[in-house]
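One-based numbering, in listed order, for ligands and for the atoms of each.
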Amino acid sequence: MEHTTSPATIATPHPEQEAVVELHDLRKSYGKGSAAVPILDGVNFEVRRGEFVCVVGPSGSGKTTLLKCIAGLLRPTAGRTVFEGEEVTEPPAKLAVVFQDYSRSLLPWMTIRRNVALPLKNKFAKAEREARIEEALESVGLAGKGHLYPWQMSGGMQQRAAIARGLAYQPDVLLMDEPFAAVDAQTRIDLEDLVLEIRAKYNTTVLFVTHDIDEAVYLADRVIVLSGAPTSVSHNIPVDLPSPRHQVDTKREPRFGELRAFVFEQIQAAKSNAVRNRADA
Ligand code: ADP
Ligand code: MG
């Protein structure tokens, strides 16, 4: 019998897929001894292959700290992060990170093409490298723009270039830290849909940090709400909205409104808890 897959089911993650990212009682403090300030205070969750998970939490709750621990850029104080079955002790090869501040992450003295090529250096033969760069630039709508310098591009184009640099690596998992916080509203909408397209095309697993609740509910299969620092997971909310998402139709669904109201309330509760914890300290 012939099996076909309907478009609506393509992007739906299967609960039976293996976990690609696992956080086990992750703890991180800054400072030493009695001056140590706990930021992450036992964070537990996992991301399954093909899933799009958004992490939201109040500013200062440790979202960037969390991503850096997953990316192997920061050592946890206790607990562990596991990537594709192995404990993370250095940046994993099949994981790419896109940071918020594209103006600092792209090197201004290099063209976009050379910026994208940078992490591929000494990793692949020249022909393979060239093919990956072309494909990555094309995937983000920058085909033919590789000769430009970052300062010759708009903020949205620079962030596309930063995404292309992550994609050229052909990562299994893309970590994104508030990647669209610094671009205008229309560009943000375009980039959100770009990331959904990329995810559908390459079946990339995405862990996306944002403080924007609408963005989180629009993009995610699942939203993880962090409590305020010292931080743990306060809620883990499956987003039961149909895929593919659509900027107008999805946001018009009553269920979209319910989910965003629920996430909003949880974040408000997390914020007031954080204030209370600080007052108690
Ligand atoms: P978020 O990304 O959620 O806004 P961060 O992970 O950037 O939160 O920061 C969480 C807390 O940890 C903040 O109070 C911040 O000031 C503090 N912090 C972040 N990095 C450092 C560091 N390298 N040294 C000391 N404190 C830090
Ligand atoms: Mg941050």
*Thr65-Tyr30 side chain donor-acceptor pair, cut-off 3.5 Å*: yes
*Start with the C-alpha gap between Tyr202 and Ser139, add the side-chain angles, then the distance that decides, and say whether side-chain hydrogen bond (donor to acceptor under 3.5 Å, both in side chains) holds.*
CA-CA 10 Å; Tyr202 298 106; Ser139 306; 2.9 Å; yes
*May I ask you to check if Arg222 and Phe52 form a cation-pi contact, with NZ or CZ under 6.0 angstrom from the six-membered ring centre and within 45° of the axis?*
no
*Within a distance of under 4.0 Å, is there any protein heavy atom near atom 16 (O) of ligand 1?*
no
*For atom 7 (O) of ligand 1, the protein heavy atom that lies nearest, with its residue and separation*: Thr64 CB, 3.7 Å
*Has Thr64 got an N/O/S atom less than 2.8 Å from the Mg ion (ligand 2)?*
yes
*Could you walk me through whether Thr187 and Asp184 pass side-chain hydrogen bond (donor to acceptor under 3.5 Å, both in side chains), step by step?*
CA-CA 5 Å; Thr187 303; Asp184 63 83; 2.8 Å; yes
_Shortest heavy-atom approach to atom 5 (P) of ligand 1 - which of Leu66, Thr65, Leu40_ = Thr65
*Begin from the C-alpha positions of Thr210 and Glu215 and carry the test side-chain hydrogen bond (donor to acceptor under 3.5 Å, both in side chains) through to its verdict.*
CA-CA 7 Å; Thr210 178; Glu215 181 166 82; 2.9 Å; yes
*Please state which protein non-hydrogen atom is closest to atom 14 (O) of ligand 1 and give its distance, to 0.1 Å?*
Gly60 O, 4.3 Å
_Non-hydrogen atom of Gly62 closer than 4.0 Å to ligand 1_ = yes
*What's the shortest distance from atom 18 (N) of ligand 1 to any protein heavy atom, and which residue and atom give it?*
Tyr30 CE1, 3.3 Å
_Please tell me whether Val263 and Val209 are part of a single hydrophobic cluster in this structure, the criterion being side-chain heavy atoms less than 4.5 Å apart._
no
*Backbone or side chain, does any N or O of Ser61 fall under 3.5 Å from an N or O of ligand 1?*
yes
*Taking non-hydrogen atoms only, is Ile39 closer than 4.0 angstrom to ligand 1 via side chain, backbone, both or neither?*
side chain
*Numbered atoms of ligand 1 (with element) below 4.0 Å of Lys63, judged on heavy atoms*: 1 (P), 2 (O), 3 (O), 4 (O), 6 (O), 8 (O)
*asked:* Under 4.0 Å from atom 21 (C) of ligand 1, is there at least one protein heavy atom?
replied: yes
*Cut-off 3.5 Å, side chains only: do Thr231 and Asp41 have a donor facing an acceptor?*
no
*State whether Tyr218 and Lys251 meet the cation-pi test: NZ (Lys) or CZ (Arg) under 6.0 Å from the six-membered ring centroid, and within 45° of the perpendicular axis.*
yes
*Look at ligand 1 and say whether Gly57 reaches it with a heavy atom at a distance under 4.0 Å.*
no
